[in-house]
Amino acid sequence: MSGTAVIFAVLAAVVLLGAWRVVTSEQIAHSALFLGLTFVGMAGLFILLKAPTFALLHVLVYVGAILTVVVFAIMLSDPEELRGAGDLPLGERLRRRFLSPYYGWLPVVVAGVLVAVVLAGLAAAQLPRVPLGEPVADDLRAIGGEMFTRYAIPFEVASAALLAALIGAIGLTRRETAEERGRAGRDGGAARTAPVARVPGAMAAQGAGDGAPQVGTPAGSSPAGDRVTAAAGSSGGAGAAGEVGR
Amino acid sequence: MPEWLVAVLWAILKATIALAFIGVNFMFLVWLERKVSARMQYRVGPYRVGKPHGWAQLFADAIKMFSKEDVMPAAADRWVWAAAPVVVFAPAVLLFVILPVGPGFGVQPDFNLGLLFLSAVSSFTLFGIFMAGWGSNNKYSLIGAMRAAAQLMAYEIPLVLAVLGVVMLAGSLSLQDIVEAQKRYWFVFPQFLGFIVFLIAAIAELNRTPFDLSEAESELVAGYFTEYSGIRWGMFMFAEYTNLFTMSAIAASLFFGGWNGPILPPVVWFLIKTYAFVLLAMWIRWTLPRIRIDQLLDLGWKFLVPVGLLNLVITGLFLV
């Protein structure tokens, strides 16, 4: 076995093991971390194919952007739900893995069907075969040029779709905030800090909750609270939640 | 000797020199930070251990750090907690690969995707911070990590926008080419707006005061590394000071002509400019108070991003 083949085997094993652990981890935080490991392995495969641009772009987009948002969402969620059922007895774990439809055989069947579809598609597409270690088209300048000429319209459509998703996310957060604020108005000033703090996530509320009872004055808390919640909507101000209690 | 063996040995030699420099630089910067902060607060700073001016203090610090007990919280997520310092530390060291120390001198300064490498590798830092904050199973750590995530997301974009202006002028992503392109004039003059954005965003990326909300000791104990002690804590510090040096070196290379300069050898110019930025960062840290998190995010999204975009538009207009 040549050196390249050994490296390929190691990277492939990293990718497959990582991907397997993404779906089997009991804790979603672990799933996110194994997803990162999978991405790193994929980047390694791109480097092995002599395509460093794709490797770096892969890391930049998937680790730097997508995984960051995933991690962010995890940190904003309720930790009690997320820590998961880590310490199940062995019998229960085995039953889950092999017998129960949700954790056991149903995902296997779905994954099998998907793999079959992908393999069938690959067989039908007859992709050109590039030998391992042979350089592929990998030039940032060329990629940029293509993106702004031949693929300008798909590029713009994708941007518009992402922008719509962004605005939608902000809109969803904002509506929730407005409702909470209306309820807080009926309850009176003293209760104000708590609902505002609950919006961005329960974990942040723990920290904010420590400060809230001591502060408690409506005059001091409401303007800051409103602004902070707006920031949480627009830029995912996780840290902002920690400040609500002030 | 076969050719590949020479290449491998050469690479090992260069990496060893870089690693040795990183270690020495870390100890020097810690000592320097203590001395600078003392000066700014009308104190003397480390003085007793080693004359003159407590130069041996850093060895005392290092011995203390190594001999401290390694305490793991009982409720910690063991593997995630233990791996976090390494994940924070590794990208800091990796970034040394692209630094141009002199003409054709450095670990791999003519890497034609240098700045892409910079942003790709530095995205792992956030990952490590998340692992530390989550793995500690401590609310202060988690809030610190969340702040770090919000902050790094908000400031990564203006940082890249500021760098892009320079890339447009130089027409290359390689730091070596960018420094070569500044033989006649420094890019700080045509890119002054970009430089301001870069400076603010870089200090925020480094998590230094006035932007160190993720480790604000007055409210979060020590933020995401509250639960770390001994050498693991040391690795976070190591990464922080190494990143400070790397970011300063990148600022010097992008905007102040890197190793270009008269009379003195290029390496000396590189070090002078880099340490000037290090001193500037320390000066800012010990002068300005910490800002609030909502001010921080406002500054990032509502000021730096628009200014960065404006700078790109102006640069583009001039180039056309």
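Just so you know, these numbers come straight off a predicted model, no measurement behind them. The chains referred to below are lettered A, B, ... by the order of the sequence lines, with proteins before strands, and numbering in each begins at 1. Excluded from the calculations below are hydrogen atoms, water molecules and symmetry mates; all remaining heavy atoms, backbone and side chain alike, are included.
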| query | Should the ring pair A/H58 and A/F39 be called parallel, tilted or perpendicular, given that the plane angle runs from 0 to 90° and is split at 30 and 60? | reply | perpendicular
| B/N243 side chain to B/A239 backbone, donor-acceptor under 3.5 Å | yes
| note | When the 4.5 angstrom heavy-atom criterion is applied to B/A145 and chain A, the contacting part is both
| query | Under a 4.5 Å heavy-atom cutoff, which of A/V59, A/V69, A/V63, A/V71 has the most pairs with chain B? | reply | A/V71
| field | Residue B/L126 versus chain A: region with a heavy atom under 4.5 Å | value | side chain
| note | Under 4.5 Å to a heavy atom of chain B? For A/V61 that would be neither
| task | Would you confirm whether B/Q151, through its side chain, and B/A204, through its main-chain N or O, come within 3.5 Å as a donor-acceptor pair? | result | yes
| For B/A162 and B/V197, which heavy atoms make the closest approach, and how far apart are they? | CB-CG1, 4.1 Å
| Region of B/L173 that comes under 4.5 Å of a non-hydrogen atom in chain A | side chain
| query | Should the ring pair B/W81 and B/Y228 be called parallel, tilted or perpendicular, given that the plane angle runs from 0 to 90° and is split at 30 and 60? | reply | parallel
| message | I'd like to know which of B/G300, B/A149, B/S122 tops the heavy-atom pair count under 4.5 Å against chain A. | response | B/A149
| Considering only heavy atoms, which portion of A/H30 lies under 4.5 Å from any heavy atom of chain B: side chain, backbone, both, or neither? | side chain
| remark: Between B/G194 and B/N311 the two heavy atoms that sit nearest each other are CA-ND2, 3.4 Å
